Structure formats: C-alpha cells, structure tokens
Amino acid sequence: MSLLKAAWLIAAKDLRIEMRTKETVLTTSLFGVLVVVLASLSFYIDPITSRRVAPGVLWVAIAFSGVLAMGRAWAYERENDVMRALLLSPAPRAAIFAGKAIGSLVLMLAIEAILVPLVALFFQVDLTWALAPALLVIVLGTVGFVAVGTLFSVLTVRSRARDLMLSVLIFPLITPALLSSVVATRELLDGATLGETLGWLQILLAFDVLFVTAGAVLFEVLVAD
Amino acid sequence: MGERIERVVVRELVKLFGPTRALAGIDAELRAGEVTVIEGPNGSGKSTLLAVVARLARPTSGTVDYGSDRQDEPGLRAQIGVLSHAAMLYPDLSGVENLALFARLYAIETPRERIDDLVDRFAIGSYRARPCRTYSRGQLQRVALARALLHRPSLLLLDEPATGLDARGVADLEAALEAERAAGTVTALVTHDAELRDRVGDVCVRLHRGRVQEVSACPC
C-alpha cells in the first residue's frame with residue numbers, strides 16, 4: 001500500500017462522512033460567520049480603517065473555525081476507537097497523517113470559501129484585484145495551519161480535555177504563519193503586488209514545509225503508546 | 001502481504017501504566033492451528049497482553065517474537081487481526097462501507113468477493129447498507145468480527161468476541177474459529193465465558209495480577 005493511495009483513502013473517507021453529515025462545515029462555518037459579524041460590529045469605523053482590520057478578522061475567524069474543524073475531524077477516529085484499526089492496518093503511519101491533513105484541508109478551504117466573501121462584504125473590501133494573490137496566501141496559510149493542527153490533534157484523541165488542549169497547543173505554534181498571513185493579506189489589499197509580499201510568502205512556505213515534514217516524521221512517535 | 005505468523009512467543013513481558021503494573025513478566029506461547037484462551041479476573045492484564053501482541057502498545061520490557069526476523073512492520077501488521085472492546089468501525093459509514101475501506105487499506109485483491117463472503121458468514125446482509133450508528137451491539141459485533149477476519153490474518157486476537165451476540169451469532173463465531181483453526185491461524189481469545197472457552201479452546205492461559213498463574217489444556 002503506497003503512502004499516497006492510503007492517504008487518499010483516509011481523506012476520501014473523511015470527506016464522504018462530511019458530505020453525509022455536513023456536521024463540520026456547517027457548525028464551524030457558522031461559528032466563523034459569528035466571529036466575522038461580531039468583529040464587524042466591534043471594529044468597523046470607516047472604509048479605510050475597516051480594510052486594514054479585515055485581514056486580521058479573516059484570519060482570526062479562520063483560526064478559530066479551524067481549531068473546531070480539526071477537533072471534529074479527529075472525532076471520527078475517536079468514536080468506536082477506529083484510530084486503533086487504522087494503526088493496525090499496514091498503511092504507513094505517515095499516510096494517516098497525510099490523509100487526515102488532506103481531508104481537513106479540503107474542509108478548511110470550504111469554510112474559507114464562505115468566510116472570505118463575508119469579510120469582504122462586512123468590511124467593504126474590494127477583492128477584484130487582490131483575489132488571486134490573496135487566495136495563494138490563504139492556501140499557504142491554511143496548509144501550515146492544517147499540518148500543525150493534524151499533528152497535535154492526534155494527541156487529543158485520548159485526552160479528556162481535548163478541545164482546550166488543542167487550542168493551547170496550536171495557537172502558539174501557528175503564530176508565525178498567522179502573522180505572515182495577516183500581514184501579506186493586508187499588503188495585498190493595500191495594493192501591493194505578489195512580488196512585494198514575497199518575503200511573507202517565503203515564511204509561509206518554509207512554515208508549511210517544516211510542519212508537513214515534521215508531521216510525517218513525528219506522527220508515528222505521537223501515536224505510539 | 002507479509003509472511004504468515006506460525007507462532008508467537010512472549011518472554012518476560014512487562015507493561016507499566018505509570019505506577020500500575022498491568023503485566024508483570026508474562027511468558028507464553030501461541031501456536032498455529034490452536035485457539036489459546038486467555039482468562040483471568042478483571043484487571044489481570046488480559047486486554048493489555050492482547051494490545052502488546054497486536055503492537056498497539058509497546059512493552060515496558062520483555063519481547064514478543066513473531067517467528068521471523070525478516071518481517072517488516074507493515075507486513076507484520078497485515079498479518080494481525082484484532083477484535084477489541086470497541087467495534088473500531090466508523091459510525092457514519094455502513095457496515096459494508098467500513099469493510100470496503102479496510103479491504104482497500106489492506107490491499108485485498110478481490111475485496112467484493114471477500115466482503116460478500118463475510119456478509120453471508122456473519123448474516124450482516126439485512127443491515128449491511130445502514131450506518132453503523134444505527135446498529136445494535138450484536139450487529140456491530142458481527143461487523144467488527146468480519147473486519148478482524150477481512151484480510152485473512154495469520155494471528156487473530158479476539159477480546160470478548162461473543163459480547164452482544166445472540167445464539168446464532170455465537171454459533172457463527174464458533175464456526176469462524178473452527179475455520180481459522182483449520183487454516184492454521186494463531187488465535188488468542190480473551191473471554192469470561194467458561195462454556196465458550198471449553199467449546200473452542202485448545203489451551204487455557206490463566207492470568208492473575210499480570211502474571212501467568214496456570215497453563216492447561218482445554219476444557220479445563
């Protein structure tokens with residue numbers, strides 16, 4: 001069983017369950033919508049200020065929704081102790097990490113497809129020119145977030161304080177990616193070109209490579225009893 | 001995938017959970033074509049022993065020898081079938097979808113035929129397409145048994161396999177164990193059911209406080 005094939009089987013299984021229940025996308029995107037609405041009520045002053053605030057609100061909404069989504073993604077494995085069945089299978093352990101990460105990435109992108117236009121609407125941001133490069137930043141930022149989230153969510157499978165523990169573990173670690181994503185998005189909305197945000201994109205890319213590699217390597221250690 | 005396991009030899013196995021000594025130096029041997037019944041009071045280490053032999057838990061000290069130095073880890077895992085207390089099935093997938101997923105993870109060559117065979121053998125057909133969340137305990141146990149046997153393991157580890165099963169389910173379980181014995185499978189079975197032990201067991205290993213108290217032939 002190749003790593004990619006096993007990873008795809010696990011990701012497809014997660015997406016099939018989500019298509020059937022719609023539990024994760026509905027609940028977490030609703031939470032993200034609430035964050036955006038409350039932030040718009042709290043921080044909207046004028047169109048210029050709101051454009052500066054919008055990237056921060058978007059990424060806070062993504063991060064908060066993301067933590068919930070990651071927790072839900074691992075609840076599939078927790079119920080009936082199915083994680084053990086995955087660990088018993090001959091599938092490479094890195095494939096379990098990759099499969100869960102791919103599944104979570106697709107769910108996160110679906111949630112972001114709701115949050116991005118919502119933030120643009122509530123904060124009066126014209127995305128016409130910045131949409132394509134902003135999407136690149138969003139994808140890069142989300143890959144890093146999902147890699148960290150998947151790596152540490154596995155620790156919560158057997159923890160009773162799993163939701164709190166996940167937040168405590170993820171937020172400090174994703175700070176560099178979150179900060180880079182916020183600044184890059186803000187600069188793009190201010191009219192910067194993709195080339196002018198290259199430094200931030202490089203940080204995001206390095207973060208992604210670091211945590212995807214760390215996840216694939218460390219996952220086996222973290223799941224060992 | 002992987003070499004068949006012909007015997008499992010456990011030597012001086014110790015497993016600690018913090019200050020608790022779940023296994024305190026177990027020596028045992030499981031052989032091909034034999035059903036070894038592991039029994040003992042609650043907390044005697046039966047389930048921990050199965051978890052260590054299944055490679056789901058690492059021993060604190062001691063060894064588990066599967067009879068081959070050449071076996072790689074995925075190949076070894078492909079030879080082990082486990083039924084534990086939890087069903088290890090996705091509640092939002094149907095029984096057949098669960099079996100199909102694991103058939104693909106185990107790279108079974110003719111998955112549909114194998115699944116149909118197990119569906120018939122454990123009488124899963126009438127509820128095969130319903131999500132597992134809607135199953136009774138006994139129905140869940142039947143699908144869990146099918147999942148444990150799906151990839152034709154040569155080492156079968158069953159923890160209380162009769163839980164929730166009705167008379168027909170227990171008969172199907174016993175028939176499956178007989179077939180595994182005939183196929184030369186190394187089987188370890190944890191049960192508190194003395195009648196089941198006497199009907200299916202060849203060797204009985206009694207544990208007490210993480211140690212082997214007695215090894216005897218079944219019925220004992």
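Note that the coordinates shown come from a computational prediction; the quantities given were computed from them, not determined experimentally. A, B, ... follow the sequence lines: proteins, then strands. Residue 1 opens every chain.
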Gap between atom CG of Leu88(A) and atom CD1 of Ile80(B) - 0.5 Å precision
7.5 Å
Contact summary for Tyr106(B) and Ser89(A), nearest pair of heavy atoms:
OH-CA, 3.5 Å
Taking every non-hydrogen pair under 4.5 Å, which of Lys5(A), Met83(A), Arg93(A) racks up the most with chain B?
Arg93(A)
Which heavy atom of Tyr90(B) sits nearest to which heavy atom of Leu86(A), and what is that distance?
OH-CD1, 3.5 Å
Please name the pair of heavy atoms, one in Leu93(B) and one in Arg16(A), separated by the smallest distance, quoted to 0.1 Å.
CD2-CD, 3.8 Å
Indicate the atoms forming the closest heavy-atom contact of Ala91(A) with Leu105(B), along with that distance.
CB-CD2, 4.1 Å
CZ/Arg112(B): more than 12 non-hydrogen atoms of other groups inside 6.0 Å:
no
Is it true that, when you exclude Glu113(B) itself, more than 12 heavy atoms of the residues, nucleotides or ligands shown sit nearer than 6.0 Å to its CD?
yes
How close do Met88(B) and Asp81(A) get, counting heavy atoms only, and between which atoms?
CG-O, 3.4 Å
Looking at Arg7(B), I want to see if its CZ is surrounded by more than 12 non-hydrogen atoms of other residues, nucleotides or ligands under 6.0 Å.
no
When you look at CZ of Arg104(B), are more than 12 heavy atoms from neighbouring residues, nucleotides or ligands closer to it than 6.0 Å?
no
Heavy atoms only: give me the nearest Val82(A)-Phe102(B) pair and the separation to one decimal.
CG1-CZ, 4.0 Å
Decide yes or no for Lys13(A) and Glu97(B): does some side-chain heavy atom of the first lie under 4.5 Å from some side-chain heavy atom of the second?
no
Side-chain donor or acceptor of Asn80(A) paired with backbone N/O of Ala86(B) under 3.5 Å:
no
Backbone N or O of Asp92(B) within a donor-acceptor pair of the Arg20(A) side chain at under 3.5 Å?
yes
